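Structure first, then comments.
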Amino acid sequence: DTGVSQNPRHKITKRGQNVTFRCDPISEHNRLYWYRQTLGQGPEFLTYFQNEAQLEKSRLLSDRFSAERPKGSFSTLEIQRTEQGDSAMYLCASSWPQAERDAAVSYNEQFFGPGTRLTVL
Amino acid sequence: GQQLNQSPQSMFIQEGEDVSMNCTSSSIFNTWLWYKQDPGEGPVLLIALYKAGELTSNGRLTAQFGITRKDSFLNISASIPSDVGIYFCAGRANTGNQFYFGTGTSLTVIP
């Protein structure tokens, strides 16, 4: 399977514990994104990496959240001191560099992994 | 953040019927993506649109990039039971790399 993979698929933890999720993007993709999705909502952007550089962070990403992509391949998302409000599906997506087929258009398609479902008790 | 209004919120249709859904934004976008998500899974990319007015098909699915660049439409023809799921639009503005997602359209196909 050459798609985006995420581990674990499910995580149940007690409030106050730390959790870490892993994302392995499609191997040729240099861009990696983290999203959070709650029930009945669309994915919400958390952060974005180009290679190992974290280029954008959402205001949703509080100081309890940290993401890394140390070698520009896989990425980890850590949540410290989890709260019940952190319960959600955490999605990872990857994409090619933004290619330009002509001067006016740039291409940037994101492919998602299966997600990690976090439940904080 | 950016809000995308997606409608309808839910649809219940008979197998074989056509489906239309749309997405509107308050800002101009240069990219529209349409995804389908099954319960407990990540979204799967269906169609990508990059030019105003562009009409793109993927099998029974057809999507259009609105002329105003503030909306997009997805049509499904001759629906089948496996079309059941939640459909999301996502848009990206000229500045930044962030995609904003709609709240989804839940589709139920009655055999």
Side-chain angles (χ1 to χ4, degrees), chain A residues 3-6 9-10 23 25-26 30-50 53-61 88-117 119, chain B residues 1-10 21 23-25 28-54 56 58 63 65 69 72 74 85-106:
Chain A
V4 178
S5 62
Q6 291 187 246
R9 293 293 308 274
H10 303 274
C23 171
I26 294 171
N30 74 340
R31 295 185 169 196
L32 187 148
Y33 306 78
W34 285 99
Y35 290 84
R36 182 175 70 185
Q37 185 178 27
T38 53
L39 203 61
Q41 300 296 317
E44 294 175 293
F45 172 80
L46 291 178
T47 190
Y48 149 68
F49 289 86
Q50 180 159 310
Q54 189 173 17
L55 298 184
E56 283 186 48
K57 287 197 290 187
S58 162
R59 279 173 288 180
L60 290 175
L61 211 66
M89 173 81 93
Y90 289 85
L91 293 162
C92 174
S94 70
S95 71
W96 286 98
Q98 192 164 304
E100 295 185 5
R101 286 184 205 166
D102 61 57
V105 181
S106 59
Y107 293 80
N108 185 216
E109 299 171 6
Q110 296 189 6
F111 296 89
F112 281 85
T116 295
R117 168 73 65 188
T119 302
Chain B
Q2 181 67 248
Q3 293 290 325
L4 295 190
N5 295 312
Q6 194 169 342
S7 65
Q9 275 191 314
S10 61
M21 60 189 78
C23 197
T24 59
S25 75
I28 290 174
F29 284 162
N30 67 1
T31 302
W32 284 99
L33 305 178
W34 282 93
Y35 289 88
K36 177 176 182 279
Q37 187 174 28
D38 292 329
E41 300 294 329
V44 174
L45 182 64
L46 300 173
I47 292 179
L49 301 160
Y50 297 100
K51 289 183 180 179
E54 180 181 0
T56 298
N58 177 6
F65 194 136
R69 299 177 66 189
S72 180
L74 176 70
I86 301 179
Y87 292 79
F88 289 101
C89 61
R92 186 174 68 96
N94 282 333
T95 56
N97 290 282
Q98 183 175 158
F99 275 91
Y100 299 93
F101 280 76
T103 50
T105 293
S106 174

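Throughout, protein chains are lettered first and strands after them, A, B, ... in sequence-line order, and every chain is numbered starting at 1. Note that the coordinates shown come from a computational prediction; the quantities given were computed from them, not determined experimentally.
Interface summary for chain B: among Gly42(A), Pro114(A), Pro43(A), Gly115(A), the most heavy-atom pairs under 4.5 angstrom belong to Pro43(A).
Taking all atoms of both residues into account, the shortest heavy-atom contact from Leu91(A) to Gly42(B) is CD2-CA, 3.8 Å. Closest approach of Leu33(B) and Gln110(A) over heavy atoms only: CD1-N, 4.2 Å.
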Report the C-alpha separation of Phe101(B) and Tyr35(A) in whole Å, then their side-chain angles, then the decisive distance to 0.1 Å, and conclude whether the ring pair (Phe, Tyr, Trp, His ring centres under 6.0 Å) test is met.
-> CA-CA 10 Å; Phe101(B) 280 76; Tyr35(A) 290 84; 5.5 Å; yes
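The distance between the ring centers of Phe112(A) and Tyr35(B) falls below 6.0 angstrom.
For the atom pair CG of Leu45(B) and OG of Ser95(A), the computed distance is 11.0 Å after rounding to the nearest 0.5 Å.
In terms of the side chain to side chain donor-acceptor pair (under 3.5 Å) criterion, residue partners of Gln37(B) (sequence neighbours excluded) are, by chain and number, Gln37(A). Taking Ser7(B) as the reference, Asn22(B) meet the side chain to side chain donor-acceptor pair (under 3.5 Å) condition, with sequence neighbours excluded.
Side-chain atoms of Glu109(A) and Tyr50(B) include a donor-acceptor pair closer than 3.5 Å.
For chain B, the nearby part of Glu56(A) is the side chain; its heavy atoms alone come within less than 4.5 Å.
At a threshold of 4.0 Å, the pair Arg117(A)-Glu41(B) does not count as salt-bridged, since none of the basic side-chain nitrogens sits closer than that to a carboxylate oxygen.
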